[in-house]
Amino acid sequence: FLIPASQRVDAEAIRSAILHNLPRGASPDEVHAFLDRQGIGKDGLSSYDRIDAQSRIVCRVEFNPKTVDLVKKSYLMTFLMLAPGGKLGDVEVKEWLTGP
């Protein structure tokens, strides 16, 4: 999500980077295009679903099992599409850890 390598990656950094590069008011097609440009769904570790019944676009980025870290992070990004016109209102990012 275009986060500089020197910056710590956490839920707030991801949310800030997304909203910096994809402003509120973006259309669903603009959100899909943004996710496609970021390679979401092309690496086997990430995916996104088109708008669901609650007017959300849900994106998951799973931990990479090939890394040597004992504790691994995964993320769920929810793009909240608000009326009128189903434009992007906000992004929620949740982080969870797996491992010993």
Side-chain angles (χ1 to χ4, degrees):
F1 294 109
L2 306 173
I3 299 172
S6 61
Q7 185 176 348
R8 181 179 174 186
V9 177
D10 60 17
E12 186 53 39
I14 292 170
R15 181 178 177 276
S16 294
I18 290 170
L19 290 174
H20 177 75
N21 294 289
L22 183 69
R24 287 180 173 92
S27 71
D29 288 341
E30 291 170 315
V31 174
H32 297 150
F34 172 78
L35 294 171
D36 289 340
R37 284 192 306 274
Q38 304 313 306
I40 301 299
K42 298 176 184 165
D43 59 4
L45 299 173
S46 62
S47 64
Y48 73 89
D49 295 321
R50 304 260 172 195
I51 293 179
D52 65 13
Q54 287 82 36
S55 298
R56 304 174 305 172
I57 297 171
V58 179
C59 173
R60 291 179 63 112
V61 177
E62 303 292 340
F63 69 88
N64 186 345
K66 296 179 182 178
T67 62
V68 297
D69 300 331
L70 290 176
V71 177
K72 300 172 191 278
K73 293 181 183 179
S74 295
Y75 298 94
L76 176 73
M77 284 73 60
T78 304
F79 296 78
L80 305 170
M81 309 306 287
L82 305 175
K87 303 293 185 181
L88 179 63
D90 203 357
V91 178
E92 294 177 348
V93 180
K94 295 182 182 176
E95 172 185 311
W96 67 95
L97 304 175
T98 58

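These figures come from a predicted structure and were not determined experimentally.
- Residues satisfying the side-chain contact (heavy atoms from CB on, under 4.5 Å) test with R24, not counting sequence neighbours, are R15, L19, D90.
- Here CG of D29 is found 7.5 Å from CZ of R50. Values are rounded to the nearest 0.5 Å.
- Remark: L97 CG to K72 NZ distance equals 12.0 Å, nearest 0.5 Å.
- The shortest non-hydrogen separation linking F79 to C59 is CE1-CB, 4.0 Å.
- Listed by chain and number, the residues in a ring-ring contact (aromatic ring centres under 6.0 Å, His included) with Y75 amount to none (sequence neighbours excluded).
- For S47, the side chain to side chain donor-acceptor pair (under 3.5 Å) test picks out no residue, with sequence neighbours left out.
- Residues I3 and A17 come closest through the heavy atom pair CG1-CB, 3.6 Å.
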* Asked: Between M81 and V31, does a side chain to side chain contact (heavy atoms under 4.5 Å, CB included) hold up when you go through it step by step?
  -> CA-CA 10 Å; M81 309 306 287; V31 174; 4.1 Å; yes
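- Note that CG of D10 is 6.5 Å distant from CD of E95, once rounded to the nearest 0.5 Å.
- Here the closest heavy-atom approach between residue A13 and residue Q7 is recorded as CB-NE2, 3.4 Å.
- In this structure, L22 CG and F34 CZ are separated by 5.5 Å, a value rounded to the nearest 0.5 Å.
- Hydrophobic side-chain contacts under 4.5 Å tie V58 into a cluster, directly or through other members, with L76, W96.
- Atoms CD1 and CG, on I18 and L88 in that order, are 9.0 Å from each other to the nearest 0.5 Å.
- Contact between L82 and G89 at its shortest, heavy atoms only, is CD1-CA, 3.4 Å.
- R37 meets the side chain to side chain donor-acceptor pair (under 3.5 Å) test with no other residue; sequence neighbours excluded.
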* Carefully, step by step, assess V61 and Y48 under the rule side chain to side chain contact (heavy atoms under 4.5 Å, CB included). => CA-CA 9 Å; V61 177; Y48 73 89; over 6 Å; no
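- Partners of T78 according to the side chain to side chain donor-acceptor pair (under 3.5 Å) rule, which considers only residues two or more places apart in sequence or in another chain, do not exist here.
- To the nearest 0.5 angstrom, K73 atom NZ is 15.0 Å from E62 atom CD.
- Between the side chain of S46 and the main chain of R60, no donor-acceptor pair closer than 3.5 Å is present.
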